[in-house]
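Here the structure is laid out as structure tokens; the discussion comes afterwards.
Each chain gets a letter, A, B and so on, in the order the sequences are listed, and its residues count up from 1.
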Amino acid sequence: MTSDEHEAGAGDRRISPADLHHVRFTRATMLRPGYSDTEVDHFLYRVADELTRLHAEKAALRDRVRTLQSQLDDVPADVAPSDQAVLLLATAQQTADSYVAEAEDFSRQMTSDARAQYEEQLRRARESAGAIIQAAQEAAARMVGGGPAVVSAEPRERTTQELEEQVAYLKAFGQACRTQLRAYLEALLTDVETEWGRADPASLIQAPLRAPAQRAPQGGGGTTALNVAREVPLDDGPGGDAAAGEGGVEVAVRR
Amino acid sequence: MDIPAMRANFSKAAAAGDEAPLYFYSHLFLTHPDTRQLFPLSMAHQRDRLFSALGEVVARVDDLDSLVPILQELGRDHRKFGTVAEHYPAVGASLLATLQHFDDGWNAQLAHDWTAAYQLVAKVMIEAADEAADQPAWWEADVVAHERRTIDIAVLRITPREPFEHRPGQSISLETDIRPKLWRYYSPANARRPDGTLDIHVKARDGGPVSTALVRRVGVGDVLRLGPPMGHLTFDAGSDRDLLLVAGGMGLAPLKAVVDEVARNGPPRRVDLFVGARLEDQFYDRADLQRLEQEHPWLTVTLAVSDDKESALEQGDVGDVVMRHGPWLSRDAYVAGPAVMVEDTVARLVGHGVRRERIRTEVFAPSRPGPSVDGEVTE
């Protein structure tokens, strides 16, 4: 209210209830042509009441604006989340975490089991390979030297006979191997040259066929699949790299 | 600042275990939803990390000389996560809310002290991050080669697209798009090369999301992100003493980098490298070690197996095998590998008479998120 009076004192003058109370109308002369005193007074009272009511209402509204404003100032820009909200999000996060952890744990178990199995199988394979080699060495030792000193004459004869048989067998086997290997290599070479020739016909004429005798020893390492000549995947076919290198032919490069 | 009161307050939150960081992150994500994308899907490990880092800060809060460098490194390192200065006040507000939530005796003084302390921490981190602003926050690197050496070990060769400088023995953090927001530390196995390539040795940990992806899913042409190099097994270039390098498992990588450094930049000296593994099959880099040994007369490589009776290699724990050779009294020693192996080897070397300050170590722990203050690196 005080500020109101202050405002009223300065600047453009506003009517206060008091103004209306104290207003005096000058009387007109002689014959009373002026207002009726009672009516004017009555009206002035009504105006005063109305103004009082308005001022009170205005003050109340201003107070309300002030409190709301201060409430707004107190609240930080980011409203602090309720504990309930925090808890809700926390639970959701924990659920997600536990799913991820479960998946990781499952994968951990699977891989560690698989690794253990892998190592165990490898170990067993190594052991049995070792045992086979050892048995073979012992057998060889028996065949070559150790036998005769211990056993009697008859077994020795048999042993000698056995040895001869084995030698003969091995010779025959070696011969067979060589023949098969040569056939295989020749087939292979023919294949390679056919493919090569198809890719680069010019080079075929320039490259003379090598004699079979030269080729045979090259296949010395290929001990597997001797009798499947053409069907075998050309994994370690000799000369394959050269052919592929020259003509880009897709033979024998599946390594 | 009333440090004892702050410690008491922090210990109340720490005593709540996982609840406290859970509250913190939930509060942070609710008040600043945009921060959620800076973190991985599963927050379990993240939560451990936050409170151990905070514990570190609280423990050292009255020892600024040791705290500040840690904070600076943290600040620089956080750039790669996409952290910017605006995130710090958000984190501070959630931290205060958390500390308040778990302490019935919370008061204005604590609020004031924690605010001040956090502002200091944030300031140091932000300034360090700003100082590093001339460096990229992270580097993109192309995978140019990927070799599976054993069923669970791969050697990756990567080429950073921007110049990337590391010192031998340091580690770098890696992230792949296959496992977003999960960073793991690896040690490059080479010194700086003219072409900038880095060799990364990765062992797929059982159930490890990043290592398995790097070994089994990442291939040539994929892109990795690298964080700035850090770590503690840094090669001492000022010394010209002969070297003894002892590696267990994947600890080979940083020591191979040391060998590479000597080969490239000298000074020439004798280098003995011992590599230990359980089984002979696990020497995933044997061929290259043999090549190095042939190329460099000053290098001797000894392989030792601890659990492979069939093997013709030296038998026993690598520390034990080292002791069978020697003497090593005049050497600088570098030891990297699993914690048990590192402890064992260091104890033997110290017992042998090698001075402790000449032994540098790096512990390779499975799937640690990053080097701790003690410098742990993912295996």
Side-chain angles (χ1 to χ4, degrees), chain A residues 72-138 253-255, chain B residues 18-36 39-48 89-90 93-94 96-98 100-102 150-153 179 182 203-213 215-216 278-282 307-311 366-367:
Chain A
L72 207 62
D73 290 343
D74 285 348
V75 175
D78 300 296
V79 185
S82 69
D83 274 1
Q84 202 183 7
V86 172
L87 207 69
L88 197 68
L89 183 60
T91 313
Q93 181 66 56
Q94 269 180 319
T95 311
D97 291 352
S98 74
Y99 283 143
V100 172
E102 233 168 80
E104 278 182 18
D105 197 49
F106 180 69
S107 131
R108 182 175 302 124
Q109 277 175 18
M110 288 287 281
T111 40
S112 69
D113 286 358
R115 174 174 302 98
Q117 224 168 49
Y118 159 81
E119 282 182 5
E120 175 62 16
Q121 283 186 359
L122 210 63
R123 194 185 58 76
R124 270 195 221 153
R126 288 235 173 85
E127 270 177 15
S128 68
I132 289 169
I133 290 169
Q134 202 181 352
Q137 279 170 346
E138 279 166 13
V253 287
R254 283 181 283 155
R255 286 177 185 274
Chain B
D18 199 35
E19 293 295 312
L22 195 57
Y23 186 94
F24 166 82
Y25 280 112
S26 303
H27 191 278
L28 177 65
F29 296 154
L30 281 170
T31 49
H32 295 87
D34 52 316
T35 54
R36 182 63 182 90
F39 294 91
L41 173 66
S42 169
M43 296 289 294
H45 301 291
Q46 189 68 35
R47 289 199 292 273
D48 296 348
S94 292
L96 250 71
T98 307
Q100 179 175 8
H101 182 80
F102 288 92
T150 73
I151 63 166
D152 48 15
I153 297 176
R179 300 279 182 264
L182 292 176
K203 178 176 183 179
R205 306 292 313 174
D206 294 347
V210 178
S211 59
T212 48
V215 170
R216 306 205 171 99
R278 210 161 56 76
L279 305 171
E280 185 170 347
D281 289 344
Q282 291 169 340
D307 185 22
D308 192 345
K309 299 284 166 279
E310 306 286 319
S311 169
S367 200

What part of A:Tyr118 is in contact with chain B, defined as an atom under 4.5 angstrom from a non-hydrogen atom: side chain, backbone, both or neither? side chain
Residue, of B:Leu279, B:Asp18, B:Asp152, that accumulates the most heavy atom pairs under 4.5 Å with chain A: B:Asp152
Engaged part of A:Leu87 at the chain B interface, taking heavy atoms whose separation is under 4.5 Å: neither
In plain terms, say whether A:Glu119 and B:Arg278 are close enough for a salt bridge, that is, a side-chain N and a carboxylate O under 4.0 Å apart. yes
Pairing of A:Arg124 and A:Glu127 as salt bridge, 4.0 angstrom limit: no
Has the side chain of B:Arg205 got a donor or acceptor atom that lies under 3.5 Å from a matching backbone atom of B:Pro209? no
For the pair B:Tyr25 and B:Phe39, name the ring-plane relationship: parallel under 30°, tilted 30 to 60°, perpendicular over 60°. perpendicular
Please classify the contact between B:Ala44 and chain A as side chain, backbone, both or neither, with a heavy-atom cut-off of under 4.5 Å. both
